[in-house]
Amino acid sequence: MADDDRIKLDPSWKCRIGDYLQREDMAALGNFLRQRKAQGVRIYPPGAQIFAAFNATPFDAVKVVILGQDPYHGAGQAHGLCFSVRPGVIVPPSLDNIFKEIERDLGIRRPDHGCLTPWAERGVLLLNSVLTVEDGRAGAHQGKGWEGFTDHVVDVLNRECEGLVFLLWGSYAQAKGKVIDPQRHRVLKAPHPSPLSAHRGFLGCGHFSSTNEYLQRRGKAPIDWSLPPRAELVETA
């Protein structure tokens, strides 16, 4: 998969996870994706954006990791960063709750869009467990091989870094984060920001201020959780 001309992988990541992409199970995943496309199935995000999280946040720049599940399955939504949508796309309910909590926690007003690329560029790795999905079919590519790859990514981050903040929202992310060493990293857990669960503890969790307090204690710059206006993103997003 790493040799696909449409896919770019930042060198800082390629030297650490590139070998995994050459495994037989990843080759099988690549064949599966090509077969589904040949059958006329629409797959999100577009091929060039499948590894967007890694390209937006080089390995040595990672300070915070947010674990999602799989991409949005509506047309024009997914662009390779968990919870994020392109400028101009309606903000999904889970992301709206994330913005509500940031406003409550830090006093930062909700933006007029849902594009989280600036967060990624500031050191927030926005990683889904499964990196592709089919149009209108949530979870369509679960169990096809992506989970092993992203487990490997989490393991590499856990072993090779120190002082990261992992934001694990919901039981799925928390199960995936069990390998994380809490002595080396800060692990913050809360219910998923989905409207079905956000009121059970995500709203009010204070994860964004807690993240910045931890980073500052370790001598790192805090994350700027604000987002520029949509008008400033349209040309570059």
Side-chain angles (χ1 to χ4, degrees), residues 53 57 62-74 77-78 81-85 89-116 118-120 122-131 133 138-139 142 146-147 150-151 153-155 157-158 161 163-218 220 222-227:
T57 315
V62 176
K63 295 196 282 188
V64 179
V65 182
I66 298 179
L67 291 181
Q69 192 160 352
D70 62 353
Y72 297 120
H73 55 85
Q77 290 183 302
L81 307 179
C82 75
F83 291 107
S84 182
V85 291
V89 175
I90 294 173
V91 175
S94 292
L95 181 55
D96 190 53
N97 281 331
I98 291 171
F99 289 154
K100 285 180 183 177
E101 175 56 19
I102 290 174
E103 185 171 20
R104 187 210 64 79
D105 189 21
L106 298 173
I108 296 171
R109 295 182 61 182
R110 278 180 275 178
D112 60 353
H113 62 89
C115 180
L116 305 183
W119 290 3
R122 296 167 190 164
V124 182
L125 181 66
L126 298 165
L127 180 66
N128 273 318
S129 175
V130 177
L131 301 190
V133 73
Q142 291 180 12
W146 282 125
E147 292 93 341
T150 51
D151 282 347
V153 171
V154 172
D155 182 55
L157 287 164
N158 176 59
C161 300
L164 301 182
V165 181
F166 288 85
L167 301 182
L168 308 181
W169 300 331
S171 57
Y172 187 94
Q174 290 163 21
K176 194 171 186 70
K178 284 183 177 178
V179 300
I180 301 164
D181 182 355
Q183 301 302 315
R184 292 173 63 88
H185 307 285
R186 184 81 165 98
V187 179
L188 298 174
K189 300 178 182 180
H192 195 276
S194 161
L196 299 175
S197 56
H199 291 278
R200 296 204 297 265
F202 176 80
L203 296 174
C205 68
H207 279 187
F208 302 95
S209 60
S210 295
T211 292
N212 282 349
E213 289 166 5
Y214 177 80
L215 292 174
Q216 288 177 299
R217 285 200 304 271
R218 295 188 63 89
K220 298 180 181 180
I223 300 295
D224 177 4
W225 294 105
S226 67
L227 292 169

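Just so it is clear, the structure is predicted and the values come from calculations on it, not from any experiment. FYI, side chains are in, hydrogens and waters are out, and symmetry mates aren't considered; it's all heavy atoms of this structure.
Annotation for His185 and Gly163: closest pair ND1-N, 3.5 Å, computed over non-hydrogen atoms. When all heavy atoms are compared, the tightest approach of Glu101 to Gly206 is OE2-N, 2.9 Å. Across all their heavy atoms, Glu147 and Ser129 have their closest contact at CG-OG, 3.7 Å. The nearest pair of heavy atoms linking Cys205 to Arg104 is N-NH2, 4.3 Å. Scanning all heavy atoms of the two residues, the minimum distance from Val89 to Gln77 falls at CG1-CG, 4.0 Å. For the residue pair Asp70 and Ala138, the shortest heavy atom distance occurs at OD2-C, 3.9 Å.
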Start with the C-alpha gap between Asn212 and Trp225, add the side-chain angles, then the distance that decides, and say whether side chain to side chain contact (heavy atoms under 4.5 Å, CB included) holds. CA-CA 10 Å; Asn212 282 349; Trp225 294 105; 3.6 Å; yes
Begin from the C-alpha positions of Leu157 and Leu125 and carry the test side chain to side chain contact (heavy atoms under 4.5 Å, CB included) through to its verdict. CA-CA 11 Å; Leu157 287 164; Leu125 181 66; 3.7 Å; yes
Begin from the C-alpha positions of Gln69 and Val130 and carry the test side chain to side chain contact (heavy atoms under 4.5 Å, CB included) through to its verdict. CA-CA 6 Å; Gln69 192 160 352; Val130 177; 5.9 Å; no
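In this structure, Thr57 contributes its side chain and Ala120 its backbone to a donor-acceptor pair below 3.5 Å. The closest donor-acceptor contact from the side chain of Gln216 to the backbone of Pro222 lies at 3.5 Å or more, if one exists at all. The closest donor-acceptor contact from the side chain of Lys176 to the backbone of Val154 lies at 3.5 Å or more, if one exists at all. Checked by atom type and distance alone, the side chain of Ser197 pairs as donor or acceptor with a backbone atom of His192 at under 3.5 Å. Arg184 contributes no side-chain N or O that, together with a main-chain N or O of Ile180, makes up a donor-acceptor pair within less than 3.5 Å. Side chain of Gln174 to backbone of Ala190: a donor-acceptor contact under 3.5 angstrom is found.
Note that the CG atom of Asp105 and the OG atom of Ser209 stand 3.5 Å from one another [nearest 0.5 Å]. With rounding to the nearest 0.5 angstrom, the CG atom of Asn158 is 12.0 Å from the CG atom of Asp151. Between the CD1 atom of Ile98 and the CG atom of Leu203 there is a distance of 10.0 Å, given to the nearest 0.5 Å. Within the model, atoms OG of Ser171 and NZ of Lys189 stand 11.5 Å from one another, a figure rounded to the nearest 0.5 Å. Atom-to-atom distance recorded for Leu188:CG and Tyr214:OH is 9.5 Å, nearest 0.5 angstrom. Note that the OG1 atom of Thr211 and the NZ atom of Lys220 stand 11.5 Å from one another [nearest 0.5 Å].
Taking the six-membered ring for Trp and the full ring otherwise, the centers of Trp169 and Phe83 sit less than 6.0 Å from each other.
Within the 4.5 Å cutoff, the side chain of Asn128 has no heavy atoms near those of the Trp146 side chain. Looking only at side-chain heavy atoms (C-beta outward), Leu127 and Cys82 stay at 4.5 Å or farther from each other. With contacts defined as side-chain heavy-atom distances shorter than 4.5 Å, the pair Tyr172/Leu67 does not qualify.
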Extract all donor-acceptor atom pairs below 3.5 Å that involve side chains of residues 90-97 and protein atoms in other chains or at least two apart in sequence.
residue, atom, partner, partner atom, Å
Asp96, OD1, Arg110, NH1, 3.4
Asn97, ND2, Pro193, O, 2.7

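Listed by chain and number, the residues in a salt bridge (Lys or Arg N to Asp or Glu O under 4.0 Å) with Asp224 are Arg122 (sequence neighbours excluded).
Summarising the local packing, CZ of Arg109 is surrounded by 12 or fewer heavy atoms from other residues, nucleotides or ligands at distances under 6.0 Å.
Relative ring orientation between Trp119 and Phe208 is described as tilted, the plane-to-plane angle lying within the 30° to 60° band.
Ion pairing between a basic and an acidic side chain is recognised when a charged N comes within 4.0 Å of a carboxylate O; Glu103 and Lys100 show no such pairing.
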